[in-house]
Asks: 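I'd like to ask you about the structure that follows.
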Amino acid sequence: MSVSSSKHLKTSDLFLAIGIIAVWGANAAIGKLAVPQIPVFAFLATRFAITGLLLLPFVNWKKEHVCAAFRIAILLNVLHYGLIYSAMPYLDASALALIQQTQVPAAILLGWFFFKEPISLKLGIGIMLGFAGL
């Protein structure tokens with residue numbers, strides 16, 4: 001594929017991207033409905049278990065990868081998503097939308113802090129712009 005032909009998405013890729021955005025966007029609405037009915041960590045455990053089962057055929061079963069994935073899953077499930085979903089009953093939709101936009105930069109910062117993941121200058125500027133935009 002040449003560089004000039006990569007400027008346009010194939011129709012199937014466009015629909016896949018729209019589908020991913022729709023699922024990601026529905027995440028807040030489903031969480032907002034589920035959290036008052038189900039304990040937060042039970043909901044998150046179910047969510048991650050279903051995702052894990054769906055992705056199981058793609059797992060590379062090297063011991064060091066499984067251990068690292070488990071540590072990351074605990075960190076994201078408890079600290080990151082746990083705190084966000086615990087706050088859901090107390091937030092209106094606009095505040096929730098703003099908080100959810102911090103998920104990716106916050107996850108990157110958690111990875112940097114807890115797992116010593118490197119952050120390049122370009123990524124650091126992107127994180128600052130992301131937070132500044134909020």
Side-chain angles (χ1 to χ4, degrees):
M1 179 186 296
S2 69
V3 176
S4 62
S5 67
S6 66
K7 291 181 182 179
H8 302 289
L9 285 176
K10 292 187 295 187
T11 305
S12 61
D13 292 342
L14 180 62
F15 282 119
L16 183 60
I18 291 171
I20 290 169
I21 292 167
V23 168
W24 193 287
N27 181 37
I30 292 169
K32 190 82 168 148
L33 292 172
V35 167
Q37 309 299 321
I38 305 168
V40 170
F41 290 105
F43 172 71
L44 290 172
T46 304
R47 177 182 164 205
F48 279 101
I50 291 169
T51 303
L53 288 173
L54 291 172
L55 296 175
L56 200 56
F58 306 102
V59 172
N60 183 357
W61 286 104
K62 291 184 181 176
K63 185 178 179 179
E64 62 273 7
H65 294 165
V66 173
C67 291
F70 183 75
R71 289 185 7 228
I72 292 168
I74 294 298
L75 175 71
L76 285 175
N77 197 27
V78 175
L79 281 179
H80 190 64
Y81 289 112
L83 293 174
I84 289 172
Y85 279 80
S86 294
M88 272 187 181
Y90 309 105
L91 299 173
D92 60 7
S94 60
L96 181 59
L98 282 174
I99 288 173
Q100 288 209 315
Q101 289 181 30
T102 67
Q103 285 182 343
V104 172
I108 292 169
L109 291 174
L110 286 172
W112 168 75
F113 184 77
F114 286 101
F115 300 113
K116 309 301 182 235
E117 288 289 328
I119 296 179
S120 67
L121 178 62
K122 186 177 178 180
L123 183 58
I125 291 170
I127 291 170
M128 287 189 292
L129 288 173
F131 281 123
L134 293 172

Asks: So, the side chain of Lys32 versus the backbone of Asp92: is there a donor-acceptor pair under 3.5 Å, distance only?
Replies: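 Looks like no, no N/O pair under 3.5 Å.
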Asks: Identify the heavy atoms of Gly31 and Pro36 that sit nearest to each other, and give their distance.
Replies: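 Taking every non-hydrogen atom into account, O-CD, 4.5 Å.
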Asks: Minimum heavy-atom separation for Gly82 and Val40, please, with both atom names.
Replies: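 Looking at all heavy atoms of both residues, the closest pair is O-CG1, 4.0 Å.
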Asks: With the side chain counted from C-beta on, respond yes when Phe115 and Arg71 share a heavy-atom pair under 4.5 Å apart, and no when they do not.
Replies: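 Heavy-atom side-chain distance check passes, below 4.5 Å.
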Asks: How long is the gap from CD1 on Ile72 to CG on Leu110, to the nearest 0.5 Å?
Replies: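 One gets 11.0 Å once the value is rounded to the nearest 0.5 Å.
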Asks: Should Ile20 and Val104 be regarded as members of a common hydrophobic cluster, given that ILVMFWY residues are connected when their side-chain heavy atoms come within less than 4.5 Å of each other, either directly or indirectly?
Replies: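 No; Val104 is not reachable from Ile20 via cluster members.
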Asks: To check you understand the geometry: which heavy-atom pair defines the closest contact between Thr46 and Ala42, and what is its length?
Replies: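 Scanning both residues completely, I find the closest heavy atoms to be OG1-O, 2.8 Å.
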Asks: Which residues satisfy the side-chain hydrogen bond (donor to acceptor under 3.5 Å, both in side chains) test with Tyr85, sequence neighbours excluded?
Replies: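 For Tyr85 the side-chain hydrogen bond (donor to acceptor under 3.5 Å, both in side chains) partners, ignoring immediate neighbours, are Asn27, Arg47.
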Asks: State plainly whether one hydrophobic cluster holds both Phe131 and Leu121, where clusters connect Ile, Leu, Val, Met, Phe, Trp and Tyr through side-chain heavy atoms under 4.5 angstrom apart.
Replies: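 Per the 4.5 Å side-chain linkage, Phe131 and Leu121 are not co-clustered.
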Asks: Do you reckon Leu83 sits in the same ILVMFWY cluster as Phe43, going by side-chain contacts under 4.5 Å, direct or chained?
Replies: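 Different hydrophobic clusters.
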Asks: Test of understanding: clusters of I, L, V, M, F, W, Y form through side-chain heavy atoms closer than 4.5 Å, transitively. Do Tyr81 and Phe113 belong to the same one?
Replies: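 Same cluster: Tyr81 reaches Phe113 through Ile, Leu, Val, Met, Phe, Trp or Tyr contacts under 4.5 Å.
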Asks: CZ of Phe15: more than 12 outside heavy atoms within 6.0 angstrom?
Replies: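 It does not: Phe15 CZ has 12 such atoms or fewer within range.
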Asks: To the nearest 0.5 angstrom, please state how far the CZ atom of Phe41 sits from the CZ atom of Phe48.
Replies: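 The CZ atom of Phe41 sits 10.5 Å away from the CZ atom of Phe48.
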Asks: About how many Å separate CD1 of Ile21 and CG of Leu16, when rounded to the nearest 0.5 Å?
Replies: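 So the gap between those two atoms works out to 10.0 Å.
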Asks: Is it true that Ile30 and Leu91 fall in one hydrophobic cluster, defined by side-chain heavy atoms closer than 4.5 Å?
Replies: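 Same cluster: Ile30 reaches Leu91 through Ile, Leu, Val, Met, Phe, Trp or Tyr contacts under 4.5 Å.
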Asks: Nearest 0.5 Å, please: how far is CD1 in Ile38 from CG in Leu33?
Replies: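 Going from CG on Leu33 over to CD1 on Ile38, the span is 10.0 Å.
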Asks: In chain order, what residues pass the side-chain contact (heavy atoms from CB on, under 4.5 Å) check against Ile119, with sequence neighbours excluded?
Replies: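 Testing Ile119 for side-chain contact (heavy atoms from CB on, under 4.5 Å), a comparison that skips the adjacent residues, returns Ile108, Leu109, Trp112, Leu123, Ile127.
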